[in-house]
A.B. asks: 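One structure coming up, written as structure tokens, with questions to follow.
From a predicted model like this one, the values you see are computed outputs, not experimental measurements. Numbers here simply count residues along the sequence, with the first being 1. When a ligand or atom number is given, it counts from 1 through the structure's own listing order.
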Amino acid sequence: MAPTRNKKLLAWVEEIQALCKPDEVYWCDGSQEEYDRIVEGTVRSGASVRVNPEKRPNSVLFRSAPSDVARVEVRTYIASRKEEDAGPTNNWMDPDELKKTMRVLYDGCMRGRTLYVIPFCMGPIDSPISKIGIEITDSPYVVANMEIVTRVGTKVLERLGDDGDFIPCLHSVGAPLEPGQKDVPWPCAPMEQKYISHFPEENLIWSYGSGYGGNALLGKKCLALRIASAMAHREGWMAEHMLILRFTSPEGRQYHIAGAFPSACGKTNLAMLQPTIPGWKAECIGDDIAWMKIAPDGSLRAINPESGFFGVAPGTSYKSNPMAMESIRENAIFTNCVLTDDHDIWWEGMDEPCEHGIDWKGREWTPASGEPGANPNARFTAPCRQCPIICPDWEAPDGVPIDIFLFGGRRTHVVPLVTEAFDWDHGVYLAATAASEKTAAALDVKGTIRRDPFAMHPFCGYNMADYWQHWFTMSDRLGGKAPKIFYVNWFRKNPDGRWLWPGFGENSRVLKWMCERVDGKAEAVDTPIGRLPADGALELEGLDVSAEDWAELLRVDVDAWKAEIPEVEEFMARFGDRVPPRMRTQMANARKRLGL
Ligand code: O2Y
Ligand code: MN
């Protein structure tokens with residue numbers, strides 16, 4: 001029997017059951033017993049392998065189909081009534097047409113499978129900022145992951161009550177089973193049948209054909225960013241692709257920083273930063289998404305809507321991110337990693353080499369195999385509570401007050417280590433023109449540099465130009481309580497291709513300068529692109545960075561910036577007359593300051 005009397009929910013589950021025709025329906029209660037049972041089921045069916053419990057208790061490894069390893073942006077749709085409301089950065093389809101196409105696919109798609117109903121809450125159960133979603137899926141992998149990255153089960157149905165509203169999220173791997181047909185370890189549909197569809201005007205998500213990450217764990221990118229960004233635009237709050245961290249000075253002053261970086265740019269590493277500067281402390285609140293609302297006192301308060309990390313595995317090590325490594329010591333799900341001979345997991349960039357194992361495609365692997373053992377977008381899923389530096393307030397229902405917005409990207413040239421925006425509008429321009437070099441998180445992005453405004457290019461559920469206007473409007477409402485805006489680039493190289501900045505814990509030096517700027521305690525100099533640290537203002541003591549490298553890290557190559565202007569303007573032109581007048585003013589100011 002269904003564990004709810006919520007009429008909308010009961011009617012929706014009945015409708016989807018009739019459409020998808022599963023063998024059975026299961027309502028998730030979110031208990032540990034349930035998680036263990038579902039994971040054990042995947043081990044027994046051959047969908048996952050248990051990791052050596054003596055090394056990593058209660059953890060499993062999944063290997064996906066080789067064609068289903070990342071978000072697929074070409075198959076991701078924003079289906080608003082008018083095409084211009086989706087804007088040029090989104091794939092658009094008419095909602096009726098898209099539903100017609102997808103209904104045919106959904107018809108009978110869960111035959112031979114169980115339909116799981118996952119009631120989930122994005123944000124702490126007791127937070128006024130949180131939202132409830134219900135994911136229907138036929139994938140036990142999705143159930144197990146959702147139980148880590150969101151709050152699931154009975155407590156959510158209690159908050160929902162008999163009349164509460166929720167965001168329906170329908171997911172199927174798109175691989176029905178004929179009677180007697182044996183399942184494969186990772187069922188999914190061919191690329192041309194995959195659809196990751198969003199209906200922002202009716203707060204609805206339909207995903208079909210992929211079982212992987214952002215395509216399938218619908219609370220994450222689909223709800224908490226694409227649908228939530230459209231809701232936030234309508235309702236006057238913010239849903240952002242941002243980490244949240246607390247940075248505390250030796251005197252005990254707390255600063256809260258929200259930072260947006262494109263996928264796979266070291267966001268999780270920064271969220272779990274261990275400062276090298278004496279006396280400063282960093283605590284993680286979230287590594288991927290921030291929801292922010294203006295509080296009655298006028299401050300902007302942020303929550304992490306998630307309860308778990310879904311981090312990029314390759315490159316994560318005790319050297320690059322010891323806190324992430326500690327977070328995955330137990331109760332973790334691994335996807336597309338190497339299984340070592342002693343049944344632990346491994347990936348490229350881990351501290352110790354691996355001499356032999358089974359690769360992410362299930363084949364014997366050695367370093368001589370000529371291919372990476374782990375997929376470049378291999379992932380770990382682990383509860384936030386397992387991070388040793390999780391902030392004691394990470395689940396505070398009213399969130400934390402944001403002092404600083406940080407934007408950035410991976411740029412080997414041109415962009416200095418840190419730039420402070422002249423003011424909010426200039427900060428919006430810097431964030432809107434942010435760019436990064438290509439990553440592995442999305443399968444289908446071509447070219448080496450991609451403009452990724454606010455790191456929201458793949459995740460803004462409406463016209464990006466209207467999103468910029470929303471940022472301008474928010475500053476009018478925040479007034480003097482608006483956070484300061486900075487832009488960072490940890491990845492600059494010298495002409496010989498050597499990294500100039502050590503990064504990792506040393507990034508704390510840059511954060512300290514920002515905090516001191518907030519308090520008016522550190523000097524900056526004006527340049528044509530923004531304010532940069534004045535000589536001696538950013539603490540470098542004890543750091544092995546030569547004077548020459550430091551000068552290069554902060555060098556403003558006016559000619560290189562000038563050279564980017566036509567491409568920036570071309571990018572902006574794609575949005576036609578939706579570009580906000582305040583953005584046009586910023587574009588004109590940028591030209592003028594460069595002497596164009
Ligand atoms: O490949 C995927 O489906 C996951 S993408 C992802 C996962 C966690 C955090 N961020 C991202 C992203 O693409 O920004
Ligand atoms: Mn992300």
A.B. asks: Atoms of ligand 1 less than 4.0 Å from H241 heavy atoms?
C.D. replies: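 Within the 4.0 Å cut-off of H241, ligand 1 contributes 14 (O).
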A.B. asks: Taking 4.0 angstrom as the limit and counting only heavy atoms of F459, give me the atoms of ligand 1 inside it, by number and element.
C.D. replies: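 The list of qualifying atoms is 12 (C), 13 (O), 14 (O).
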A.B. asks: Can you find an N or O of K221 that's nearer than 3.5 Å to an N or O of ligand 1?
C.D. replies: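 K221 vs ligand 1: N/O contact under 3.5 Å present.
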A.B. asks: Indicate if the distance from the Mn ion (ligand 2) to the nearest N, O or S atom of G214 falls below 2.8 Å.
C.D. replies: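 So G214 does not bind the Mn ion (ligand 2) by this criterion.
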A.B. asks: Going by side chain to side chain donor-acceptor pair (under 3.5 Å), name the pairs with one or both residues in residues 454-465, residues two or more places apart or in two chains.
C.D. replies: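 As it turns out, there is no side chain to side chain donor-acceptor pair (under 3.5 Å) pair with a partner in residues 454-465 once direct neighbours are skipped.
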A.B. asks: List ligand 1 atoms under 4.0 Å from A70, heavy atoms only on the residue side.
C.D. replies: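 Answer, ordered by atom number: 1 (O).
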A.B. asks: I want to know whether Y208 and Y106 have ring centres closer than 6.0 Å.
C.D. replies: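 Here the rings of Y106 and Y208 have centres that are less than 6.0 Å from each other.
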A.B. asks: Any atoms of ligand 1 less than 4.0 Å from a non-hydrogen atom of N377? List them with their elements.
C.D. replies: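 The list of qualifying atoms is 1 (O), 2 (C).
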A.B. asks: Between ligand 1 and K220, is the shortest N or O to N or O distance under 3.5 Å?
C.D. replies: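 K220 vs ligand 1: no N/O contact under 3.5 Å.
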A.B. asks: Hey, what's the ring geometry for Y467 with W471, parallel, tilted or perpendicular (30° and 60° as the breaks)?
C.D. replies: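 Rings of Y467 and W471: tilted, 30 to 60°.
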A.B. asks: Under 3.5 Å, side chain of D403 to main-chain N/O of H256, donor-acceptor pair present?
C.D. replies: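 Between the backbone of H256 and the side chain of D403 there is a qualifying donor-acceptor contact (under 3.5 Å).
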A.B. asks: Are there over 12 heavy-atom neighbours, none belonging to R329, within less than 6.0 Å of that residue's CZ?
C.D. replies: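 Counting neighbours around CZ of R329, 12 or fewer heavy atoms of other residues, nucleotides or ligands fall under 6.0 Å, so no.
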A.B. asks: Considering only heavy atoms of G213, which atoms of ligand 1 have at least one such atom less than 4.0 Å away?
C.D. replies: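 Numbered from 1, ligand 1 contributes 3 (O).
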A.B. asks: Can you find an N or O of N215 that's nearer than 3.5 Å to an N or O of ligand 1?
C.D. replies: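 No - when backbone and side-chain N and O of N215 are compared with those of ligand 1, no distance drops under 3.5 Å.
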A.B. asks: Can you confirm whether the side chains of S210 and D68 place a donor and an acceptor under 3.5 Å from each other?
C.D. replies: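 Yes, because at least one side-chain N or O of S210 sits under 3.5 Å from a partner of the opposite role on D68.
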A.B. asks: Kindly confirm or rule out an N or O of G214 lying under 3.5 angstrom from an N or O of ligand 1.
C.D. replies: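 Checking ligand 1 against G214, an N or O pair does fall under 3.5 Å apart.
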A.B. asks: Are E73 and R450 ion-paired here, with the side-chain N under 4.0 Å from a carboxylate O?
C.D. replies: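 R450 and E73: salt-bridged.
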A.B. asks: Mind reading off the angle at the Mn ion (ligand 2) between the NE2 atom of H241 and the OD1 atom of D288, rounded to 10°?
C.D. replies: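 Once rounded, the angle between the two atoms at the Mn ion (ligand 2) is 90°.
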A.B. asks: Holding to salt bridge (Lys or Arg N to Asp or Glu O under 4.0 Å), I want the full list of residues that pass it with E201, two or more places apart in sequence or in another chain.
C.D. replies: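 E201 satisfies salt bridge (Lys or Arg N to Asp or Glu O under 4.0 Å) with no other residue.
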